[in-house]
Structures are given as structure tokens and as C-alpha cells.
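As C-alpha cells, the structure follows; a few thoughts come after it.
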Amino acid sequence: MELETCTFSYCQRPDIITHETDILLVGGGMACCGAAYEAAKWAERDKLRVTMVDKAATDRSGAVAMGLSAINTYMGENDPADYVRYVRGDLMGIVREDLIYDLGRHVDDSVHLFEEWGLPVWKRADDGHTMDGAQPAPKLTEGGKPVRSGKWQIMINGESYKVIVAEAAKKALEYNRQYTGVAQNHFERIFIVKLTVDKNEPNRINGAVGFSLRENKAYLFKTNAMLLACGGAVNVFRPRSVAEGQGRAWYPVWNSGSTYAMAAQAGAELVLMENRFVPARFKDGYGPVGAWFLFFKAKATNAFGEDYCATNFEDAKKWYGKYADKLGTAIRNYMMIMDMKAGKGPILMRTDLAMQELGKTMDAKQIKHLEAEAWEDFLDMCIGQAGVWAGNNIEPDKSPSEIMPTEPYLLGSHAGCAGIWVSGPDDLGAPAEWCWGYNRMSTVKGLFTAGDGVGASGHKFSSGSHAEGRMAAKAMVAFVLDNKGFKPEIVRTTDELIADIYLPFEIYEKYKNYSTDPNTNPHYIRPRMLQARLQKIMDEYVAGVSTWYVTSRTLLDSGLKQLEMLKEDANRMAASDLHELMRCWENLHRIWAGESHARHILFREESRYPGYYNRGDFWAIDDANWKCFTISKWNAEKGEWDFSKRDYVQLIPD
């Protein structure tokens with residue numbers, strides 16, 4: 001088939017809105033909310049314009065949309081150097097220690113702001129008992145002692161966590177409107193799908209294009225600096241929940257890899273994109289297990305009551321040496337999977353025994369409060385898990401629940417470190433190639449990122465993503481002030497850019513009557529069908545659940561051939577409405593993220609993250625050759641990926 005072009009002969013041309021700003025925030029999650037709050041303050045003196053563009057509604061946008069029961073990164077009495085050691089150990093020895101330490105020394109300030117804005121933080125009473133957020137207690141800044149569910153985690157009443165944080169960001173944007181005099185600087189339900197580079201400086205970002213998800217309008221944003229923080233990538237792999245459960249996932253399903261795809265297309269270097277996160281979660285509901293492990297002290301066993309970390313320790317030690325001793329998240333996954341493959345499943349979270357043990361030292365009132373806290377853990381952040389328990393007649397205080405590894409997710413803010421290679425702070429003794437420019441700026445001039453976008457720096461979670469957005473915002477203000485004379489000049493015309501975006505409309509309207517069923521047509525493919533094909537390829541060739549997270553060179557080579565054909569067919573996606581147009585572009589971003597992931601796994605010839613994925617042909621970790629950063633860069637002229645290694649340098653001693 002010939003490559004189609006959109007002439008708007010068959011579909012209605014959208015209204016085109018052009019918006020000029022100094023700082024553009026693409027995304028509406030914790031990172032961009034932090035950036036909006038911080039940028040508005042530092043931009044006031046020079047009356048710099050700050051604009052946020054969100055695919056969703058900011059109150060419930062991002063990974064924290066449903067809420068959280070804990071803030072997973074709070075230093076408090078802890079040393080940021082210990083935080084670096086924790087992240088380095090869990091991510092198998094390869095991280096950007098400068099970025100992690102930099103985050104550790106700033107993150108508490110964001111948490112203190114959350115509490116100031118109204119987030120209820122649990123405190124420890126003088127007698128040692130828990131006071132949830134509904135009870136009066138001193139704030140953290142007043143000496144209040146948080147209830148820890150682990151060394152780095154503190155408990156909260158977090159159903160409205162994101163709403164509280166979003167309100168502060170929106171007020172900051174409103175303040176920016178007042179002193180700059182702009183009519184609008186907060187755009188919701190606008191999906192940014194392409195970044196634009198400058199005509200006079202090819203390695204310089206200058207804008208972004210997207211479309212409204214509610215109206216027939218397209219948008220061109222011109223900017224001096226940009227924060228790209230659209231979350232990680234979900235639904236690249238076939239999920240465990242299919243058919244009536246389709247759409248249920250652990251991470252937010254609207255995270256489509258836009259951060260990684262658009263950064264790569266603009267020429268940014270990506271780092272450690274072979275990394276992924278495979279969380280062990282309550283089966284079917286994807287409910288989080290952290291509070292049960294850390295706060296309620298529950299233990300997980302195989303079906304025979306054995307500790308799978310003990311039964312499989314020698315096997316892990318054989319292949320992964322010192323890394324097995326640390327029992328990081330990936331290694332624990334590996335041990336669980338080994339027991340499941342050996343027929344010792346299902347794996348059970350012994351919620352019943354944990355509640356019984358805690359009840360031995362409590363009176364009836366305290367037990368009742370404990371049960372409420374157990375349910376609160378899910379009602380704050382994963383209501384579906386409570387539904388799964390109710391639908392399966394499970395009372396967690398009386399019977400255990402199954403847990404198992406989920407499908408893989410690509411991210412950089414949780415227990416994963418895929419993302420973009422960025423410049424870090426210059427005061428921590430890092431190598432020069434780690435701090436070549438402004439803090440959190442990518443290798444593309446003017447393009448910054450935070451949260452899931454920053455690679456080689458995991459375990460930021462919600463508070464860290466917010467703090468990192470604030471750090472990037474200050475750097476962006478400095479960048480804009482240093483480049484005040486910049487005048488964006490787009491390479492392609494606005495009409496050409498918009499025509500690319502609306503091509504799926506043109507294809508659908510042109511060919512929809514060719515067949516009696518608009519879903520089955522030789523001239524196009526609908527986005528839902530294409531997504532199913534992508535997920536099947538990634539699942540079966542790139543270490544998904546169907547292969548027990550195992551792949552090899554031969555499998556990856558076959559999978560990449562399948563992806564090449566899929567990309568050809570993706571040019572024939574068809575959309576009948578704005579929702580489907582969104583799905584088309586989400587698919588394109590997922591394909592870019594998925595291909596980058598597959599090629600990184602192929603490049604790294606070892607199993608650095610066992611339990612997240614294993615190379616069947618390189619089962620062990622090879623520190624001699626592969627304790628390094630893997631770097632990829634899309635070469636637009638050649639139409640191919642370039643790969644290289646970059647040295648890992650340890651800054652914080654063991």
C-alpha cells in the first residue's frame with residue numbers, strides 16, 4: 001500500500017491554536033505539578049510565562065490519580081547517602097548516584113509542603129500507638145514523628161493526595177497568569193504527541209504539537225524550555241488481566257511511553273531502557289503489598305508454607321553472587337518465579353497470620369482500628385483490590401491471598417530506572433560527562449525531564465517526582481534567562497504537523513465504506529487491534545508473562561522483525577473519533593518505547609535484572625563487561641538506533 005497523507009479531503013480540518021510561552025510543562029502528574037509550583041515563584045522577577053499541558057484533568061492525572069496510602073520517599077532522620085546505597089542495591093549496582101543524592105537532599109521539603117497544604121500524615125503517639133491523619137498531631141516540621149512502614153516510607157491518608165498537590169500547582173499557574181497578563185496557561189485534555197526542534201539549531205527543542213480530546217482543535221506550543229514528564233509506559237506488554245478484566249493494571253493505563261518516545265524522536269539519549277519493573281502484587285486486583293510486608297509484618301510463602309527466598313537462595317547465589325545477598329526486589333521476584341515454575345504455587349500473602357500475630361498484643365478496640373487500617377491501605381490507592389476480595393469471599397484477616405508478578409512496566413520513578421540520560425548537579429564530584437549542562441536537562445538543548453523520565457535513578461516515587469520537578473523548574477528558569485533572545489522557528493509548517501496528527505481520521509473516513517463492518521477493512525487497522533498485536537509481540541518475544549520473563553537473542557531478533565512489520569501497519573491506523581485518535585497516538589508512542597526496550601535488552605548481554613527479565617542465553621550477571629550504563633540514540637538520518645556504553649562511577653562508598 002502507498003503511504004497515505006492527510007489532505008483533509010475526507011475529514012474536517014481542526015481549528016489551530018498557537019500558544020507562545022517561556023517554559024512549557026508537558027504532563028500533569030507529580031513532576032509537572034512540582035515544576036509548576038516552583039517555576040511560578042522563580043519566574044516572577046522576569047515575568048516569564050509558565051504553561052502546563054495535560055492529557056487528563058490535573059486533579060486526577062498521573063500515577064497518584066487514585067490516591068496512595070504511603071509516601072515512599074521521606075528522609076527524616078536518614079542520611080541521603082544511605083538512600084543512595086538503598087537505591088543502588090535494589091537496582092543491581094548501576095545508578096546515577098549524583099542524581100539520587102541530589103534528590104535525597106531535597107525531597108523532604110516537598111513532603112513538608114504536602115502536609116502544609118492539607119495532606120493528613122500519620123503520627124506516632126507518645127505511647128507508641130498510631131494516630132492516623134484524622135487525629136490532631138504536630139506537623140513533621142514541628143517535631144511530629146511519622147508512622148514508618150519501612151525505613152523510607154511514611155503512612156498517610158492519601159485518597160485526595162493528588163487533588164491536594166494539583167491545587168497548589170493550579171494556584172501557582174494562576175499566580176503566573178496574574179503577573180504575566182496571559183489569558184491561559186493551563187490546558188487540560190490536550191494530548192501532546194510530537195515535539196519540534198529548531199530550524200536554526202537542530203539539537204534544540206522549541207515546541208510541541210497536540211490535539212484536544214474534547215473539541216476539533218489542534219495546538220502548537222512554542223517555547224524556550226520544556227519539561228517532558230508524561231509518566232512511564234503501561235500496556236506495552238500483554239497484561240495478565242484480559243477479557244472482562246482488560247484495562248486493569250498496576251501502573252496507570254494512560255501512561256503510554258510518551259516521555260521516552262517523544263524524547264527519542266527529538267534526538268535525546270536514553271539510558272538503561274532494558275530495565276523494567278515487574279511488581280509482585282495481589283493477584284487480579286493488583287493491590288500493593290508494601291504496607292502488608294512493612295507495616296503489618298505479613299510474610300509471603302509458597303503453597304507449602306515455605307519461604308521461597310530461602311528455598312531458592314542457593315540458586316540465586318550461584319548466578320548472581322553478591323547481589324543475591326541483598327535480596328533486592330528483582331532477586332525476590334526471581335526466587336518467587338522459581339518456586340512457581342517448580343509447581344509450588346500459588347504464592348500466598350499470609351494476611352491472616354499477620355493480623356493474628358498483631359492481635360496478640362492489642363485489645364478489641366485496637367484490633368478494630370488495625371482492621372480499618374488494613375482496608376484503608378486499599379481504599380486509598382487500589383479500590384479494585386477490595387472488590388476482588390469481596391467477589392472471592394476472602395476475608396484477609398481469616399485467609400491468605402494469592403500474590404504473583406504482574407506484566408512488565410517501563411518506568412523510572414518506582415523500583416525501575418529506565419529513562420532519559422540527563423545532566424546532574426555539579427557539586428557532588430561526579431564525572432564531567434554527568435554534569436555537562438543544566439540540572440535534569442537531556443542531551444537535547446532546552447529539553448528537561450523529571451519523575452519517570454529521568455533514567456538510572458529509581459525509587460523517587462511520588463514525593464521524589466514532585467521534588468525533581470521543582471529542581472528541574474529552577475534549572476529551566478536559569479536556562480531561559482541565559483537564552484532570553486531565543487526565537488523559536490519550526491522546521492515544518494504547522495499545516496504539515498497537524499496533517500500528520502489527523503491522518504488516522506482521513507484514513508477512516510476515506511475507506512470506512514469499503515467493507516460492511518468498519519472494524520474489518522483491508523485499508524486500515526483499528527487502534528485496539530494494533531495494540532493487541534503489539535502486546536502479543538512484546539509478551540512472547542521480549543520476556544513477558546507467557547515466557548516466564550525469559551528471552552534470548554533469537555527471540556529478540558524475531559520480535560524486532562515483527563515490530564518492523566507492525567510499524568508499517570501502524571501507519572494505516574484509523575480513528576473514527578477523538579478517543580480513537582488518542583489511542584492511535586498512544587500506540588505509536590508505545591511502539592517506540594517497546595522497540596527501545598527490546599533493543600536495549602539485546603544490547604546488554606547478561607541478566608542484570610533477574611526476576612524482571614532473564615536472558616536465557618546469558619543467565620548470569622557479568623560485572624566485568626556490563627557494569628555500565630547502556631545508552632541509545634535514535635539516528636533520524638539513518639533511521640536506526642545507535643548504541644554505546646558509558647562508565648558507571650561509584651560516588652558513595654559501600
Check your understanding: Looking at residues at least two apart in the chain, or sitting in another chain, which of them share a ring pair (Phe, Tyr, Trp, His ring centres under 6.0 Å) with Phe486?
Key ->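 For Phe486 there are no ring pair (Phe, Tyr, Trp, His ring centres under 6.0 Å) partners, ignoring immediate neighbours.
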
Check your understanding: Do Lys55 and Glu188 sit within salt-bridge range, that is, some charged N less than 4.0 Å from a carboxylate O?
Key ->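 Glu188 and Lys55: not salt-bridged.
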
Point to revise | Basic-acidic side-chain contact under 4.0 Å: Arg238, Glu540 | key: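 Here Arg238 pairs with Glu540 in a salt bridge, since their nearest N and O are under 4.0 Å apart.
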
Under a 3.5 Å distance rule, please check whether [X] uses its side chain to pair with a backbone N or O of [Y] as donor and acceptor.
| X | Y | answer |
| --- | --- | --- |
| Asn439 | Ala475 | no |
| Ser423 | Gly437 | yes |
| Asn206 | Glu489 | yes |

Exercise for review: Please identify each residue that fulfils salt bridge (Lys or Arg N to Asp or Glu O under 4.0 Å) with Glu174, with sequence neighbours left out.
Suggested key: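 With sequence neighbours excluded, Glu174 shows a salt bridge (Lys or Arg N to Asp or Glu O under 4.0 Å) to no residue whatsoever.
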
Practice item. I would like to know whether Glu44 and Tyr175 meet side chain to side chain donor-acceptor pair (under 3.5 Å); could you show each step before the answer? Key: CA-CA 9 Å; Glu44 181 180 5; Tyr175 179 58; 2.5 Å; yes

**Study point:** Over-ring placement of Arg96 relative to Trp421, 6.0 Å and 45° cut-offs
**Key:**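 Pair Arg96/Trp421 counts as cation-pi.
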
Practice item. Please work out which of the three classes, parallel, tilted or perpendicular, describes the rings of Tyr409 and Trp250, given edges at 30° and 60°. Key: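 Ring orientation, 0 to 90° scale: tilted.
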
Practice item. Indicate the ring-plane relationship of His466 and Tyr37, choosing parallel, tilted or perpendicular according to the 30° and 60° boundaries. Key: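 His466 vs Tyr37 ring planes: tilted.
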
Check your understanding: Would you find more than 12 non-hydrogen atoms of other residues, nucleotides or ligands less than 6.0 Å from Arg492 atom CZ?
Key ->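 Counting other residues, nucleotides and ligands, CZ of Arg492 exceeds 12 neighbours.
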
Review point. Does atom CZ of Phe643 have more than 12 heavy-atom neighbours from other groups under 6.0 Å away?
Key: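 Yes.
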
Practice item. Could you check Lys567 against Glu595 for salt bridge (Lys or Arg N to Asp or Glu O under 4.0 Å), going step by step and ending with a plain yes or no? Key: CA-CA 10 Å; Lys567 286 192 290 185; Glu595 181 181 2; 2.8 Å; yes

Answer yes if the ring centres of [X] and [Y] are under 6.0 angstrom apart, and no otherwise.
| X | Y | value |
| --- | --- | --- |
| Tyr161 | Phe114 | yes |
| Phe277 | Tyr612 | yes |
| Tyr511 | Tyr524 | no |
| Phe187 | Phe221 | yes |
| His414 | Phe461 | yes |

Check your understanding: Phe8 and Arg13: which non-hydrogen atoms are nearest, and at how many Å?
Key ->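 Minimum heavy-atom contact is CD2-CA, 3.5 Å.
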
**Study point:** Asp59/Lys162 under salt bridge (Lys or Arg N to Asp or Glu O under 4.0 Å): CA gap, chis, key distance, verdict
**Key:** CA-CA 6 Å; Asp59 279 355; Lys162 184 62 203 306; over 6 Å; no

Could you verify whether a donor N or O on one side chain and an acceptor N or O on the other, from [X] and [Y], lie under 3.5 Å apart?
| X | Y | value |
| --- | --- | --- |
| Glu407 | Tyr251 | no |
| Asp54 | Ser61 | yes |
| Glu269 | Ser442 | no |
| His459 | Thr73 | no |
| Tyr260 | Gln265 | no |
| Ser110 | Arg470 | yes |
| Glu640 | Asn635 | no |
| Asn224 | Asp22 | no |

Point to revise | Summary of salt bridge (charged side-chain N to carboxylate O under 4.0 Å, His left out) pairs that have at least one residue in residues 204-221, sequence neighbours excluded | key: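 Qualifying pairs, neighbours excluded: Glu215-Lys217.
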
Point to revise | Worked verdict on Glu564 versus Lys561 for salt bridge (Lys or Arg N to Asp or Glu O under 4.0 Å) | key: CA-CA 5 Å; Glu564 287 299 319; Lys561 289 178 183 177; over 6 Å; no

Review point. So Lys460 and Asp452, salt bridge (Lys or Arg N to Asp or Glu O under 4.0 Å) or not? Walk me through it.
Key: CA-CA 9 Å; Lys460 293 181 278 276; Asp452 280 316; over 6 Å; no

Point to revise | Euclidean distance, His600 NE2 relative to Met273 CE, rounded to 0.5 Å | key: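 Met273 CE to His600 NE2: 6.5 Å, rounded to 0.5 Å.
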
Practice item. Check Tyr508, Phe505, Phe191 against Leu581 for a side chain to side chain contact (heavy atoms under 4.5 Å, CB included) and give me the one that passes. Key: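 Exactly one candidate clears the test, Phe505.
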
Practice item. Verify side chain to side chain contact (heavy atoms under 4.5 Å, CB included) between Tyr219 and Thr18, making sure each step is shown before the conclusion. Key: CA-CA 6 Å; Tyr219 289 81; Thr18 300; over 6 Å; no

Exercise for review: Show your working on side chain to side chain contact (heavy atoms under 4.5 Å, CB included) between Leu48 and Tyr179 and close with a plain yes or no.
Suggested key: CA-CA 9 Å; Leu48 303 181; Tyr179 65 70; over 6 Å; no

